[in-house]
Number of protein chains: 2
Amino acid sequence: MTKMTSLKGVKTLPLNTILDGDCIDMMNSLPAESVDLIFADPPYNLQLKGDLHRPDNSRVDAVDDHWDQFSSFAAYDAFTRDWLAAARRLLKPNGAIWVIGSYHNIFRVGTALQDAGYWILNDVVWRKSNPMPNFRGKRFTNAHETMIWASKSEGAKYTFNYEALKSLNEGIQMRSDWVLPICNGGERLKDANGEKAHPTQKPEALLHRVLVGATNPGDVVLDPFFGTGTTGAVAKMLGRDWIGIEREAAYRTVAQKRIDNIRKFDKSALEVSQSKRAEPRVPFGQVVERGMLRPGEMLTSATGKTAKVRADGTLVGNDVKGSIHQVGAHLEGAPSCNGWTYWHFKREGKIVPIDVLRQQIRAEMRET
Amino acid sequence: MTKMTSLKGVKTLPLNTILDGDCIDMMNSLPAESVDLIFADPPYNLQLKGDLHRPDNSRVDAVDDHWDQFSSFAAYDAFTRDWLAAARRLLKPNGAIWVIGSYHNIFRVGTALQDAGYWILNDVVWRKSNPMPNFRGKRFTNAHETMIWASKSEGAKYTFNYEALKSLNEGIQMRSDWVLPICNGGERLKDANGEKAHPTQKPEALLHRVLVGATNPGDVVLDPFFGTGTTGAVAKMLGRDWIGIEREAAYRTVAQKRIDNIRKFDKSALEVSQSKRAEPRVPFGQVVERGMLRPGEMLTSATGKTAKVRADGTLVGNDVKGSIHQVGAHLEGAPSCNGWTYWHFKREGKIVPIDVLRQQIRAEMRET
DNA sequence: TAATGACTTGAATCTCACG
DNA sequence: ACGTGAGATTCAAGTCATT
């Protein structure tokens with residue numbers, strides 16, 4: 001089960017294991033810049049006062065665990081700053097973090113993230129399709145939680161599988177609000193007494209979307225507040241390596257058992273839709289070299305512009321010479337232009353974008 | 001038009017007027033504990049860098065106004081602390097505040113609210129039905145903004161018209177996520193040149209819900225960042241008194257004209273807050289995320305075709321990858337195909353169309 | 001007149017490999 | 001590190017002209 005990766009010949013990363021201990025100490029014991037993604041579900045600091053009862057007088061099983069108790073905002077802030085600093089040290093330069101919280105703590109977490117040098121990419125709202133109602137009728141149904149997605153620093157090249165998420169959303173760009181049910185039913189883990197094993201178990205669907213969108217197979221995902229191990233379970237399914245940190249023995253036991261029973265999806269199922277950026281670059285000159293278009297041949301645009309192909313893979317149109325992109329941009333008076341989709345040629349009576357020639361070359365490249 | 005209320009015989013409250021000046025100075029000039037509700041739409045501190053163009057090369061008209069520029073988070077925090085302190089002094093003991101923002105600023109606002117002694121009651125997410133997309137495919141569509149609702153202090157007896165909001169929501173308890181369109185069309189105010197009068201005008205439907213839920217007729221509502229006066233317009237319609245503070249003369253002019261033309265209980269303002277009830281679109285990806293089908297699982301068609309489910313909610317069948325609809329259409333050589341009824345899976349020995357899974361998800365969504 | 005389609009627009013921290 | 005240039009990238013509603 002445990003896979004160890006040597007790092008700089010000194011420290012090793014305890015992949016696919018649950019570490020026992022305080023998350024700050026444990027993170028500080030791991031090698032710097034070794035983790036691709038951190039998913040964190042820290043204590044919410046709920047500050048609940050007494051018991052809450054439903055209209056039928058049944059008692060709501062609230063989060064009143066000792067690990068959720070802080071003496072003040074200052075104490076919570078100090079804790080937050082410390083674990084965020086330890087987490088940031090662990091992240092690779094292009095790594096990223098997701099933190100989930102509610103209005104009790106998420107504003108303090110967000111401020112601490114920004115102050116620590118993280119760069120917020122989005123806040124994402126998990127809109128619960130089946131939240132607990134507000135029994136007293138004194139506030140709105142608390143029907144959502146907030147996740148913050150941030151890169152290690154401004155300008156970092158974070159992972160974002162745009163096309164895969166677009167596919168998950170049936171061809172439409174994924175939005176910052178996600179509608180998903182809370183974790184209950186068979187997915188909700190129970191302890192020996194049949195009670196819920198953890199008060200705030202997150203749904204696997206949530207982690208599925210986070211990990212498909214923000215990691216690639218083989219990436220290392222760390223969860224410093226592992227709980228019952230939803231992060232590890234989904235990471236294993238999706239062929240990502242994971243590390244969990246959890247102080248409470250009871251949670252570790254449940255999580256380990258849960259993850260042992262998970263099977264990885266087969267490799268072909270893990271391939272996701274790729275963006276065009278991942279495709280190899282094909283210079284337009286290759287199209288000419290291979291004789292797919294001849295020097296002197298005329299290209300046309302949907303807007304009625306024309307240009308002539310030259311032997312070196314440049315175009316000339318309206319006295320302007322340059323790349324397919326430059327000439328297209330100039331003729332349209334536009335700041336930029338994708339010449340591959342802008343320019344067309346005639347083949348067997350039909351008007352075809354030159355991009356089909358690039359696709360043909362790419363197909364030939366794959367065959368070899 | 002202007003109604004003056006004597007307060008403690010010393011200072012008077014300039015009801016139903018727009019005050020010209022810096023919001024902190026102006027608030028400090030008003031009598032303490034005189035206002036029932038504050039609605040604030042402060043600068044977001046967007047920190048935009050260069051220009052952004054749409055894929056069709058048109059330029060996005062960004063928020064680059066001088067009033068949104070701050071030199072650092074520290075400067076923004078200082079500004080936030082100052083105006084929140086002035087606002088808190090103005091509030092009656094049982095008064096409340098609403099602040100709207102995005103991930104750029106809302107975490108700092110929330111932290112400052114808590115530090116100033118306000119007590120957060122809910123964060124409310126405005127889910128935009130028609131947000132601007134992410135044009136570069138590098139992040140999620142920024143499809144929501146966050147509002148924080150807080151009382152002046154813990155234990156205060158804030159106003160909450162539970163039943164009125166429940167009625168607005170077709171008899172169901174109002175949730176913390178509100179789906180409303182952005183402000184455009186006829187409601188969007190234009191200047192003399194036909195350009196938008198203000199870059200960030202909020203929809204009246206949003207203020208309608210806030211004021212119906214958190215004030216009573218005759219209450220005093222103050223907006224320290226009045227802009228084009230949406231808060232005043234809706235307050236007037238709903239029979240609340242209002243005070244606006246705005247530095248920019250151009251905005252004051254537009255706002256005054258707008259409000260002068262408002263009649264109380266304008267019926268059209270009520271109509272915009274009604275949401276449409278359509279069968280919600282369910283992406284096939286949700287079926288995978290929720291574990292109803294697993295990546296790697298095989299689907300079959302009545303015509304004997306098969307395809308494999310992938311982690312991003314696409315299928316692969318006969319070397320073709322794509323949505324459930326695309327792969328079905330390809331395998332049948334058809335121009336289109338309804339994948340929901342075309343594809344089947346096996347459950348307890350029976351062959352079932354995947355559409356039953358979609359119906360299951362819709363049923364869960366309706367449970368709320 | 002109603003339907004259709006082209007065009008416009010919205011609080012946006014919006015590219016990246018290569019030399 | 002920094003400049004250069006290839007080339008990838010959008011959804012829902014509104015207005016307005018045309019059929």
Side-chain angles (χ1 to χ4, degrees), chain A residues 94 114 118-123 149-151 154-158 160 162-163 166 169 171-176 274-285 313 322-329 334-343 354-355 358, chain B residues 41-65 67-70 73 100-106 126 128-146 179 181-188 190 194-196 198-203 225 227 276:
Chain A
N94 292 328
Q114 291 178 313
Y118 290 94
W119 189 248
I120 297 182
L121 299 166
N122 274 117
D123 60 336
W149 174 37
S151 60
E154 185 181 356
K157 292 180 188 130
Y158 55 90
F160 183 56
Y162 176 75
E163 290 294 339
K166 196 171 166 179
N169 198 31
I172 293 165
Q173 185 173 91
M174 187 72 81
R175 301 167 38 120
S176 59
Q274 292 295 315
S275 79
K276 283 191 193 167
R277 268 187 249 272
E279 294 278 325
R281 201 140 130 177
V282 176
F284 179 69
S323 71
I324 52 173
H325 316 293
Q326 288 167 335
V327 174
S336 70
C337 170
N338 182 345
W340 290 107
T341 52
Y342 179 78
W343 291 112
I354 60 175
D355 200 40
R358 180 170 64 164
Chain B
D41 182 9
Y44 287 12
N45 187 24
L46 285 188
Q47 311 172 61
L48 302 178
K49 301 287 192 297
D51 275 359
L52 177 66
H53 291 86
R54 299 186 181 81
D56 66 2
N57 276 323
S58 63
R59 187 175 155 279
V60 173
D61 184 14
V63 178
D64 52 3
D65 305 74
W67 48 255
D68 199 47
Q69 311 296 324
F70 292 84
F73 281 131
I100 185 167
S102 67
Y103 67 84
H104 309 84
N105 71 322
I106 198 65
W126 169 27
K128 303 179 184 183
S129 56
N130 49 350
M132 181 158 63
N134 185 288
F135 295 116
R136 289 301 163 87
K138 300 307 295 179
R139 302 183 179 189
F140 299 100
T141 310
N142 202 352
H144 74 276
E145 294 187 24
T146 301
V179 181
I182 61 174
C183 180
N184 58 12
E187 188 185 324
R188 190 77 191 228
K190 304 290 194 295
E195 306 283 315
K196 58 189 176 192
H198 191 284
T200 70
Q201 185 183 341
K202 296 295 175 288
F225 307 97
K276 296 168 196 159

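Below, all heavy atoms of this structure are taken into account, side chains as well, without hydrogens, waters or symmetry copies. If you're wondering where the values come from, they're calculated on a predicted model, not measured in any experiment. Per chain, numbering begins at 1; letters A, B, ... match sequence-line order.
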Practice prompt. Could you tell me whether the phosphate oxygens of dT10(D), OP1 or OP2, come under 4.0 Å of any side-chain nitrogen or oxygen in K166(A)?
Written response: yes

Worksheet entry | Residue among H144(B), K128(B), E145(B), R139(B) satisfying side-chain hydrogen bond (donor to acceptor under 3.5 Å, both in side chains) with S176(A) | H144(B)

Fill in: Sugar-phosphate only, base, or nothing, as touched by C183(B) at under 4.0 Å among non-hydrogen atoms
nothing

Discussion item. Classify Q326(A) by what it touches in the nucleic acid, base, sugar-phosphate, or nothing, heavy-atom distance under 4.0 Å.
Written reply: sugar-phosphate

Item to complete: Under 4.0 Å between any heavy atoms, over every strand shown, what does N134(B) touch: base, sugar-phosphate, or nothing? Just pick one.
Response: base

Discussion item. Taking 4.0 Å as the cut-off, does a side-chain nitrogen or oxygen of Y162(A) come that near to OP1 or OP2 on dT10(D)?
Written reply: yes

Worksheet item: If you look at every strand shown and take non-hydrogen atoms under 4.0 Å, does R358(A) touch a base, only sugar-phosphate, or nothing?
Response: sugar-phosphate

Discussion item. Under 4.0 Å from OP1 or OP2 of dG7(D): is there any side-chain N or O of H325(A) that close?
Written reply: yes

Discussion item. Please give the distance between the C1' atoms of dT1(C) and dC16(D) as a whole number of Å.
Written reply: 16 Å

Discussion item. Heavy atoms only, 4.0 Å cut-off, all strands: where does W340(A) land among base, sugar-phosphate and nothing?
Written reply: sugar-phosphate

Item to complete: Give one of base, sugar-phosphate or nothing for K49(B), where a contact means two heavy atoms less than 4.0 Å apart.
Response: nothing

Show me the protein contacts with nucleotides 6-9 of chain C, counting only N or O atoms at under 3.5 Å.
none

Item to complete: Name the nucleic acid region contacted by S129(B), choosing base, sugar-phosphate or nothing; use a 4.0 angstrom heavy-atom cut-off, strictly under.
Response: sugar-phosphate

Item to complete: For P131(B), answer base if it contacts any base atom (sugar-phosphate contacts may also be present), sugar-phosphate if it contacts only those atoms, and nothing otherwise; contact means non-hydrogen atoms under 4.0 Å.
Response: base

Worksheet item: Can you tell me if the side-chain N/O atoms of K138(B) get under 4.0 Å from OP1 or OP2 in dA8(D)?
Response: no

Worksheet item: So what does N45(B) touch, heavy atoms closer than 4.0 Å: a base, only the sugar-phosphate, or nothing?
Response: nothing

Worksheet item: Can you name the salt bridge (charged side-chain N to carboxylate O under 4.0 Å, His left out) partners of K49(B), sequence neighbours left out?
Response: E154(A)

Discussion item. Is the phosphate of dA11(C) approached by S102(B) (side-chain N or O, under 4.0 Å from OP1 or OP2)?
Written reply: no

Practice prompt. With heavy atoms under 4.0 Å as the rule, sort E163(A) into base, sugar-phosphate or nothing.
Written response: sugar-phosphate

Discussion item. So P42(B), base contact, sugar-phosphate only, or nothing? Heavy-atom distance under 4.0 Å.
Written reply: base

Discussion item. Dot-bracket for DNA chain D, please. Rules: Watson-Crick or G-U, both distances under 3.5 Å, ( ) within the strand, [ ] when a pair crosses earlier ones, | for another strand, . otherwise.
Written reply: .|||||....|||||||||

Item to complete: Remember a base hit wins even if backbone is also touched, and classify I120(A) as base, sugar-phosphate or nothing at under 4.0 Å, heavy atoms.
Response: base

Worksheet item: Are N338(A) and dA6(D) close enough that a side-chain N or O sits under 4.0 Å from OP1 or OP2?
Response: no

Worksheet, complete the sentence: Sorted by chain and residue number, the ring pair (Phe, Tyr, Trp, His ring centres under 6.0 Å) partners of F135(B) (sequence neighbours excluded) come out as none

Worksheet entry | Span that lies between the C1' atom of dT13(C) and that of dA13(D), in whole angstrom | 26 Å

Fill in: With N45(B) via side-chain hydrogen bond (donor to acceptor under 3.5 Å, both in side chains) - residues at least two apart
none

Discussion item. Under 4.0 Å, heavy atoms only, any strand: does R277(A) hit a base, just the sugar-phosphate, or nothing?
Written reply: sugar-phosphate

Discussion item. Under the rule for side chain to side chain contact (heavy atoms under 4.5 Å, CB included), what residues qualify as partners of H325(A), not counting sequence neighbours?
Written reply: S323(A), N338(A), W340(A)

Discussion item. By the 4.0 Å heavy-atom rule, please label R175(A) as base, sugar-phosphate, or nothing.
Written reply: nothing

